[in-house]
Asker: 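This structure is in structure tokens; I'll ask about it shortly.
Order of listing sets the numbers, starting from 1, for every ligand and every atom in it.
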Amino acid sequence: MTKSLEDYLEEIHVLILQKGRARVRDVALDLHVKMPSVVKAITELKKLELVNQEPYGDIELTVKGRKLAANVLGRHNLLKAFLVKLNVPAETADKDACLMEHILSATTLDRIREFVEAAEKAPSKKKETK
Ligand code: FE2
């Protein structure tokens, strides 16, 4: 699947989590694309059996689509947490995480996960100073 289709899938998942539904209009607004681009992406995602949509209805994720979307979002959140740990400002971390989530290998992601988990367990500097 292309980077951009993963982004559409992720956005549909986020909208359903946040608003309870995903509409073409909202996907277009959030991803800063035109509605026909969303419709085109939905057609591709339907072919891959990742989403369902009745004519003019909400976009729904199939079981397969939900799994994949949750996986992309998980990568996004991990990479954002990692970048924030490196003192990257949250907004930049969010944008960069969305680029990195598509290209890093599973091995690298595993190491980053270990790093973030270890960093979260380590006592913060604030607590050390009295
Ligand atoms: Fe993302």
Asker: Check whether any side-chain N or O of K85 sits under 3.5 Å from a backbone N or O of V116 as a donor-acceptor pair, and report yes or no.
Answerer: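 No: the side chain of K85 does not pair with the backbone of V116.
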Asker: Considering just N/O/S atoms, say which atom of H76 is closest to the Fe ion (ligand 1).
Answerer: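 That would be atom ND1.
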Asker: Could you tell me whether the side chain of I112 reaches within less than 4.5 Å of the side chain of L104, counting heavy atoms only?
Answerer: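 L104 reaches I112 side chain to side chain.
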Asker: Just checking: E101, one of its N/O/S atoms, less than 2.8 Å away from the Fe ion (ligand 1), yes or no?
Answerer: yes
Asker: Has E10 got an N, O or S atom lying less than 2.8 Å from the Fe ion (ligand 1)?
Answerer: yes
Asker: Rounded at 0.5 Å granularity, tell me how far OG1 in T43 sits from CG in L48.
Answerer: 11.0 Å
Asker: Between L73, L61, I59, V14, which is the residue that forms a side-chain contact (heavy atoms from CB on, under 4.5 Å) with L9?
Answerer: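 So the option named by the test is L61.
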